[in-house]
Amino acid sequence: MSAERQNTLRIRTPEGVEFAHLLAGPIPRAMAWTIDAFVMATLFLAVMFLGLFEALLGADAMIAFMFLIIFAIQLGYAIGQEWLWNGQTLGKRVLKLRVVDSHGLQLQFNQVVIRNLLRFVDALPILYFVGGITTLLNRSSQRLGDLAANTVVIRNHEPKQPNLSRVLSGKFNSLRQFPHLTARLQQRVSPREATIALQALLRRDEMESTARIELFTTLAEHFKELVKFPEEITEGISDENYVRNIVDVLFNSRKKANGN
């Protein structure tokens, strides 16, 4: 993994496939957090409005209870959404940002927890001063929570529909004879796995023959573990053609099984 000064994060997988992501700077991150803060403030006011806590607890206990509610809402909101929405909160979705592992690995729950627990340190002394300064000084625009959790925030622009004609057109796909299995495959394959397979096909001519064989063998074995198709249709297919069929299923899911 390497980060360039033009706010680009480059991740190279062990298979030799490279991905480039635009890093999110302090301004879009602050805008996303402003949206999240507004939502959390609304939740807090709703909780306080619905409960008669002051009458039950008294003034002193009420202050402590308010801080507890603020702490619980902020942590629960951020951790819950980033974990369930794969690195996004409502604010990040609106601004098209996403939290990812800085080495391209799958985002883990403990990373989500760590980066959000340290949010209280980044917020010191006011208005995320520590976190803002850290992102400005850090070449990957990471705040303290990101550094501790080994995460970065990227711009999550929707990818354009790739042109698959040169790798998919005019070829029969035997996997499409089993629509229930292809549907299961579409559910189990993550967007990152699908992108790696696609990039491998698009860049296969750039690879050395040995590396090309090893890459497609690894990819084919991985997809075969996810969903097992009948042996009679997979036994005579090369690993590269099998991955080609997988990509066809994943990226052309609306096509009918007509041999295209």
Side-chain angles (χ1 to χ4, degrees), residues 1-3 7-15 17-26 28-37 39-40 43-44 67-125 127-157 187-196 218 222 225-226:
M1 186 273 295
S2 64
N7 294 327
T8 301
L9 176 75
R10 298 191 181 277
I11 298 174
R12 188 174 182 85
T13 70
E15 296 85 5
V17 182
E18 186 176 89
F19 298 92
H21 301 285
L22 290 178
L23 293 165
R29 293 180 65 170
M31 293 172 64
W33 183 246
T34 299
I35 295 173
D36 290 328
V39 175
M40 287 186 287
L43 291 174
F44 173 76
F67 279 106
L68 180 62
I69 290 296
I70 293 173
F71 181 82
I73 288 178
Q74 182 167 337
L75 275 186
Y77 176 91
I79 292 176
Q81 289 195 3
E82 286 187 358
W83 176 242
L84 294 176
W85 286 355
N86 192 26
Q88 289 187 302
T89 60
L90 180 61
K92 289 185 178 70
R93 280 197 169 191
V94 173
L95 272 295
K96 295 183 178 180
L97 308 179
R98 184 182 299 277
V99 180
V100 298
D101 178 89
S102 61
H103 294 293
L105 303 175
Q106 183 176 355
L107 189 66
Q108 300 296 315
F109 181 70
N110 67 304
Q111 292 178 289
V112 175
V113 173
I114 290 172
R115 75 182 305 276
N116 282 291
L117 282 176
L118 285 179
R119 189 179 295 280
F120 297 99
V121 179
D122 282 308
L124 296 175
L127 299 176
Y128 275 84
F129 180 79
V130 172
I133 293 297
T134 306
T135 57
L136 289 173
L137 297 178
N138 184 272
R139 57 186 295 184
S140 296
S141 298
Q142 294 168 293
R143 61 177 177 82
L144 292 179
D146 289 315
L147 291 170
N150 204 23
T151 57
V152 293
V153 179
I154 63 172
R155 295 181 179 272
N156 190 51
H157 294 303
Q187 293 176 344
R188 294 183 178 179
V189 176
S190 69
R192 180 175 178 272
E193 291 170 330
T195 303
I196 289 176
T218 301
H222 173 72
E225 286 296 321
L226 290 180

**Prompt:** Should we say atom CZ of F120 is surrounded by more than 12 heavy atoms from elsewhere, each under 6.0 Å from it?
**Reply:** yes
**Prompt:** Checking side-chain contact (heavy atoms from CB on, under 4.5 Å) against V100, which of L107, I154, T151 comes through?
**Reply:** I154
**Asked** With distance as the sole test, does N116 use its side chain to make a donor-acceptor pair with the main-chain N or O of L75 at under 3.5 Å?
**Response** no
**Request:** Quick one: closest heavy-atom pair of T134 and Q142, and the distance?
**Result:** CG2-O, 3.2 Å
**Asked** Can you tell me how far CG of N86 sits from NZ of K92, rounded to the nearest 0.5 angstrom?
**Response** 12.5 Å
**Request:** Specify the closest pair of heavy atoms between A24 and S141, including all atoms of both residues, with the distance to one decimal.
**Result:** O-CB, 3.5 Å
**Message:** Please evaluate residues V99 and V112 with respect to the criterion side-chain contact (heavy atoms from CB on, under 4.5 Å), reporting the C-alpha separation (whole Å), side-chain torsions for both, the decisive distance (0.1 Å), and the verdict.
**Reply:** CA-CA 9 Å; V99 180; V112 175; over 6 Å; no
**Complete:** One should read off an interatomic distance between R29 CZ and R155 CZ, to the nearest 0.5 angstrom, of 11.5 Å
**Request:** Any chance you could measure N138, atom CG, to D146, atom CG, to the nearest 0.5 Å?
**Result:** 8.5 Å
**Request:** Supply the atom-to-atom distance W33 CH2 to M40 CE, rounded to the nearest 0.5 angstrom.
**Result:** 3.0 Å
**Asked** Which heavy atom of V189 sits nearest a heavy atom of A194, and at what distance?
**Response** CG1-N, 3.8 Å
**Asked** Can you name the closest pair of heavy atoms from I69 and F44 and give their distance?
**Response** CG2-CD1, 3.5 Å
**Side-chain heavy atoms of D101 within contact of Q108, under 4.5 Å** = no
**Item:** Check: R115 main-chain N/O paired with R143 side-chain donor or acceptor under 3.5 Å
**Value:** yes
**Item:** M31 side chain reached by I35 side chain, heavy atoms, under 4.5 Å
**Value:** no
**Asked** At what distance, to the nearest 0.5 angstrom, does OG1 of T89 lie from CG of D36?
**Response** 3.5 Å
**Prompt:** If you round to the nearest 0.5 Å, how far is CZ of R93 from CZ of R98?
**Reply:** 7.5 Å
**Asked** Is the backbone of L97 close enough, under 3.5 Å, to the side chain of Q88 for a donor and an acceptor to pair up by distance?
**Response** yes
**Asked** Which atom pair, heavy atoms only, marks the closest approach of V39 to Y77?
**Response** CG1-CE1, 3.6 Å
**Asked** Considering all heavy atoms of both residues, which atom of L136 and which atom of P26 are nearest to each other, and what is their separation?
**Response** CD2-CG, 3.7 Å
